[in-house]
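Before any comments, here is the structure.
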Amino acid sequence: MVKRELIAALAREHKDLKARDIEYMVSLIFEAATRALVQGEKIELRGFGSFHIREYAPREARNPGTGETVNLGHRRSVLFKAGKDIKKRLNDN
Amino acid sequence: MTKADIISAVQQKMGFSRRLTSEVVDDLFEIIKKTLLNGESVKISGFGNLEVREKNARRGRNPRTGEEITISARKVLRFKPSQVLRKAINNRS
């Protein structure tokens, strides 16, 4: 499912809103989330999960194709931790 | 950042009632959750992809007691931040 389909599914549940407004709301939601992560802030969504930043120390790595050594600087990435409910429901069939 | 902060950010821009805004935010994450529980990936361009991964059973160890245990096969969620998000969180300073 891609963003466009998410917006369509939301629009089906919210006939009280214009599709255009829903689309805008969805982009505001992910913009707010991005802003928090850029500031190094964790996002906690009850019943869903959390997103947080992980910092990686600089290191030397190798390009596996060419064998060339490259220097990786200090990097940050985003990790997601699924909420208890999702974890449980994914595994009880 | 919590769901309440996301709702506030959306509300400020849209001017809809708190109640309606919070319904849309809740519904969005609910739709994402249901999709994932159905085993389908969710791709949000500009933010990232969430997907269900199957993990094989493996031998593990209780880090506290050192006891060997079998970690059963299970499903986990994985988040892959988009190129855009990775750039954003790494270009801060």
Side-chain angles (χ1 to χ4, degrees), chain A residues 1-14 16-17 21-22 24-56 73-83 85-87 89-93, chain B residues 1-14 16 20-21 23-50 52-55 72-82 84-93:
Chain A
M1 178 176 256
V2 297
K3 190 154 71 180
R4 183 175 16 87
E5 296 164 319
L6 272 178
I7 292 164
L10 256 184
R12 281 194 293 276
E13 290 186 27
H14 282 276
D16 49 339
L17 290 168
D21 285 339
I22 290 180
Y24 190 40
M25 289 171 98
V26 171
S27 54
L28 288 172
I29 292 166
F30 290 107
E31 274 168 29
T34 302
R35 239 180 293 124
L37 292 170
V38 166
Q39 277 156 25
E41 221 186 295
K42 182 175 180 180
I43 303 168
E44 290 183 81
L45 303 166
R46 270 286 161 82
F48 188 78
S50 62
F51 294 90
H52 68 272
I53 295 283
R54 159 105 24 115
E55 314 255 353
Y56 295 91
H74 173 251
R75 291 163 306 130
R76 309 205 298 169
S77 190
V78 180
L79 297 191
F80 173 71
K81 194 170 172 235
D85 177 53
I86 293 199
K87 264 193 187 167
R89 285 169 62 188
L90 267 179
N91 291 294
D92 54 31
N93 315 303
Chain B
M1 167 172 268
T2 61
K3 198 141 52 181
D5 300 313
I6 293 180
I7 295 165
S8 300
V10 175
Q11 204 188 0
Q12 261 179 22
K13 292 265 171 135
M14 303 297 295
F16 294 146
L20 176 59
T21 310
E23 266 178 31
V24 173
V25 174
D26 278 337
D27 289 345
L28 173 67
F29 289 106
E30 206 45 51
I31 293 168
I32 295 176
K33 186 167 160 177
K34 276 192 193 136
T35 307
L36 293 167
L37 287 173
N38 272 331
E40 200 188 327
S41 303
V42 175
K43 301 182 183 194
I44 299 145
S45 60
F47 190 72
N49 300 344
L50 277 163
V52 181
R53 289 215 161 179
E54 310 262 352
K55 293 279 191 180
S72 49
R74 68 206 193 286
K75 291 176 183 165
V76 297
L77 287 186
R78 201 190 67 135
F79 176 67
K80 186 169 183 228
S82 74
V84 178
L85 179 58
R86 270 184 284 161
K87 270 209 168 139
I89 58 172
N90 281 296
N91 279 359
R92 195 180 42 152
S93 40

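Sequence lines set the chain letters: A, B, ... in the order given, protein chains first and strands last, and positions in each chain run from 1.
Partners of A:Ala8 according to the side-chain contact (heavy atoms from CB on, under 4.5 Å) rule, which considers only residues two or more places apart in sequence or in another chain, are A:Arg12.
Contact annotation for A:Ile53: only side-chain heavy atoms (C-beta onward) come within less than 4.5 Å of a heavy atom of chain B. For B:Val84, no part sits under 4.5 Å from any heavy atom of chain A, backbone or side chain. If you measure heavy-atom distances from A:Lys42 to chain B, the contacts under 4.5 Å come from the backbone alone. Using a 4.5 Å cut-off between heavy atoms, B:Phe47 touches chain A through its side chain atoms alone. With a threshold of 4.5 angstrom between heavy atoms, B:Leu77 approaches chain A through its backbone and through its side chain. Neither the backbone nor the side chain of B:Ile7 comes within contact range of chain A; no heavy atom of the residue lies under 4.5 Å from a heavy atom of that chain. With a threshold of 4.5 angstrom between heavy atoms, B:Thr21 approaches chain A through its backbone and through its side chain. Using a 4.5 Å cut-off between heavy atoms, B:Ser41 contacts chain A through its backbone alone, with no side-chain atom that close.
Among B:Asp5, B:Leu36, B:Leu50, B:Asn49, the residue making the largest number of heavy-atom pairs under 4.5 Å with chain A is B:Leu50. Annotation: maximal heavy-atom pairing with chain A below 4.5 Å, among B:Val42, B:Ile6, B:Leu37, B:Thr2, occurs at B:Leu37.
Remark: the backbone N or O of A:Arg75 is not paired with any side-chain donor or acceptor of B:Asn90 at under 3.5 angstrom.
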